[in-house]
Each structure stands twice: as C-alpha cells, then as structure tokens.
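Each remark here refers to the structure printed beneath this line.
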Amino acid sequence: MNNEELQILVERVSLKHFGKAFKHKATFNARLRTTGGRYMLQSHNIEMNPKQLELFGEGEFMKIIKHELCHYHLHLEGKGYQHKDADFKTLLRKVGGSRYCNVVPGMRREIKTVHLYRCTKCGLEYKRKRLINVKRFVCGRCKGKLEKIKTIS
Ligand SMILES: [Zn+2]
Ligand SMILES: [Zn+2]
C-alpha cells in the first residue's frame, strides 16, 4: 500500500463509518516506532506506521485508522477528542476502533533475562530468572557445585 492508497482508504473508512469526509492528508511514516498511528492537532493530518500493516494485517490496521479518525472528527468538531474523554470513548466503541494508537501491540520487546547454570558433577542444567549464589546453592540431584554457563537476555 502506498500513500495514495492509504489516503483513499482513510477517506473511505471516514465516509462509511463516520458518515463524514476526511479532508486532510493521510500518509505513512516509517519513523514511527511504537506508535501505530497518530493524529496531528496542528495540521489535522494522520500518519500511519507501515509496520502496523506488515505485522498485524489489515484488520488491526483498519482499527487504528478508525481510532485516528475518532481523534480527527471530534477535534474538528470541538468535542472531547482525547483518550480520557467520554465523547472519544463513545465514538470509538461505536465505530469499533482500536483502543490504543500509541503502542504497536507486540512491538515492545519484553526482556526476559535467564541465567543458565550447570552442575559441575552431573551436568544437570538449571535456568533461573535471578542470579544465584553458586557458593551457597548446590545441585538438587547430586549436591554437586553449580557453575554459571551464560546469561540470556
Ligand atoms: Zn489515540
Ligand atoms: Zn548434579
């Protein structure tokens, strides 16, 4: 999908689900990182994250477009256009928009650190979320000494 196609799509979604025209610009912005899309208060334009479409498909993409259009129409009409506003919540529910616009779901990598230990006697491996004191903890099977192999994060 290119910018022209995005523009047509946003205009179409606006007419179909909001019954109102989208009269500004909708463009892709590859520099958006954790943001799925954004509505810009000054220009009234909408920017969409191309990764949103790649990663989550058209269904999710459409929901973000609806979310941004909620900001758009409410803002232009002088109504409550922020996430916390009742107008926003009501309209969002009505059109079935995504609840979030500022985080691409799943893109924030959860960092799970795992420390890997091995018993020096029997070779049994242990995975621990926390560092353990190898001087105090011994192998549960043979009471052998543990050594740290590596940390995965
Ligand atoms: Zn939003
Ligand atoms: Zn052991």
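FYI, the numbering just counts along the sequence from 1. In listed order, ligands and their atoms are each counted from 1.
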Checklist entry - Within His67, is some N, O or S atom less than 2.8 Å away from the Zn ion (ligand 1)? => result yes
Next on the checklist: Please confirm whether the ring centroid of Phe88 lies under 6.0 Å from the ring centroid of His67.
Outcome noted: yes
Item to check | Partner of His71 by side chain to side chain donor-acceptor pair (under 3.5 Å), out of Arg38, His83, Gln82 | outcome: His83
Checklist entry - Could Lys51 and Glu54 be called an ion pair, given the rule that one side-chain N must be under 4.0 Å from one carboxylate O? => result no
Checklist entry - Do you know which of Lys79, His75, His73 makes side chain to side chain donor-acceptor pair (under 3.5 Å) with Glu77? => result Lys79
Checklist outcome for this item: Atom name of the N, O or S atom of His83 nearest to the Zn ion (ligand 1) is NE2
Checklist outcome for this item: Row for the Zn ion (ligand 2): angle SG (Cys142) to SG (Cys139), 10° precision, value 110°
